[in-house]
S.K.: 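There's a structure below that I have some questions on.
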Amino acid sequence: MRNGQPFEAAVQEHGPRVLRVCRAVLGPGHDADDAWSATFLAALRAWPTLDRGTNIEAWLVRVAQRKCIDVIRAKSRRAIPSDVLPEPDSPPPPADKSIWYAVARLPEKQRLALAYHYYGGLPHTETAELIGSTPAAVRRAASDGIASLRRILAENGEIV
Amino acid sequence: MSEQNPGLADPLPSLDPASPIDVADLTALHARLIAGAKTEGLIDIAYRTVDSPVGPLLVAATSTGLVRVAFEIEDFDRVLAALAALVSPRILHTPHRLDIVARALDDYFAGRRTGFDLPLDHALSSGFRERVQRHLVQIPYGQTTTYGQLAADLGSPRAVRAVGTACSTNPLPIIQPCHRVLRGDGALGGYLGGAHVKRSLIALEAGNR
């Protein structure tokens, strides 16, 4: 049986989660927007042939992971060094985005574990497969990541 | 300002894995998705809602033309699910498209328009029902006929019930004016949008003749 759900319903239901995943991986800027757009365009292309019963949310998070990698690769090809962190003297980020600047400061393993497991909702096992790790390491990285986030936000004087 | 209100979202960064995302950001991304999908020809059905004196209407179109007009009482989510199953699941909400349809409906309800010259897609109809539904536009604005007369006009005088079914399953109400078809005994007959809507459409047209 093929998937027969209106695509718009999937955008409304899962759009925010996919954006959180993209922002956790790429920071809250244009790169995350690019990855979000590429994710949903790819999803729309595949939509009519998707099997009914597919876990749409998990499927979208996996598509988003590939699109995030595409964005990172495209950037490294352009070879323009860039950092998601704001310049030291730039104004503080808006409150709704400051969490993503904090996430951006985490080591990559913690950041990816949070992106796909904590924000993406994938189980430890599946997250481990996606990022080439083990379930135990993903579990540890995610919990270390949360602890680091609390510390970073506390340092910034932001109550968590 | 400094007062704690537990009913409001915390404006400070939150570790909630479902922390809210700015609506403006999602709206901008949605608009970008629509633009990209249109460029790639991936929108099989575009839809929006239009406010009207008989309540919000959902209008949906394919590249062929308008495929569905629905009343709120039909439940828009169910209407979209049916479109996904019967036509294509590549359905997107395009609030700023279908402006021609929205304007035509506005004009109709304002009494400035007595007919619609919009391209139509009859994908949801077939067979005798489609014949009946396509024939509805022949009933002049402001006039009514009966299920029996319509059956006779179509050369199937005994198919009165089938004509009634065709009217009650009309996927393009208002545009294909099934509200102009009454029962032979003068009673209103059923209507997808509810009897009161049928009555107000008839009254609207009678007042603008």
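What you see is a predicted model; the values in this text were computed from it and never measured. In what follows, chains carry the letters A, B, and so on, assigned in the order in which the sequence lines appear, proteins first and then strands, with residues in each chain numbered from 1.
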S.K.: Quick one: what part of A:Arg20 sits under 4.5 Å from any heavy atom of chain B, side chain, backbone, both or neither?
M.R.: both
S.K.: Could you check whether any side-chain heavy atom of A:Arg45 comes within less than 4.5 Å of a side-chain heavy atom of B:Glu40, counting everything from C-beta outward?
M.R.: yes
S.K.: Going from CD1 on B:Ile34 to CD on A:Glu8, what distance comes out if it is rounded to the nearest 0.5 angstrom?
M.R.: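 That separation rounds to 6.5 Å.
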S.K.: Return yes if some donor-acceptor pair links the side-chain N/O of B:Arg90 with the main-chain N/O of A:Trp47 below 3.5 Å, else return no.
M.R.: no
S.K.: So which heavy atom on A:Trp100 is nearest to which on B:Ser19, and how close?
M.R.: CZ2-OG, 4.3 Å
S.K.: Side chains of A:Pro16 and B:Leu26: closer than 4.5 Å at any heavy-atom pair?
M.R.: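 Heavy-atom side-chain distance check passes, below 4.5 Å.
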S.K.: Can you give me the closest heavy-atom contact between A:Leu41 and B:Gly36, atom names plus distance?
M.R.: CD2-C, 3.8 Å
S.K.: Measure B:Leu80 against the heavy atoms of chain A and call it side chain, backbone, both or neither at under 4.5 Å.
M.R.: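 Both parts, backbone and side chain.
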S.K.: Looking at every heavy atom in both B:Pro17 and A:Tyr119, which two are closest together, and how far apart are they?
M.R.: O-CD2, 3.4 Å
S.K.: Taking the side chain as every heavy atom from C-beta outward, state whether A:Trp36 and B:Leu33 have any pair of such atoms under 4.5 Å apart.
M.R.: yes
S.K.: So which part of B:Asp44 gets closer than 4.5 Å to some heavy atom of chain A, the side chain, the backbone, both or neither?
M.R.: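 No part of it gets close to chain A.
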S.K.: Taking all atoms of both residues into account, what is the closest heavy-atom pair of A:Gly4 and B:Pro89, and its distance?
M.R.: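 Heavy atoms of A:Gly4 and B:Pro89 come nearest at C-CB, 4.1 Å.
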S.K.: Got more than 12 heavy atoms from elsewhere within 6.0 Å of CZ, B:Arg78?
M.R.: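 No, CZ of B:Arg78 has 12 or fewer neighbouring heavy atoms, counting only those of other groups under 6.0 Å.
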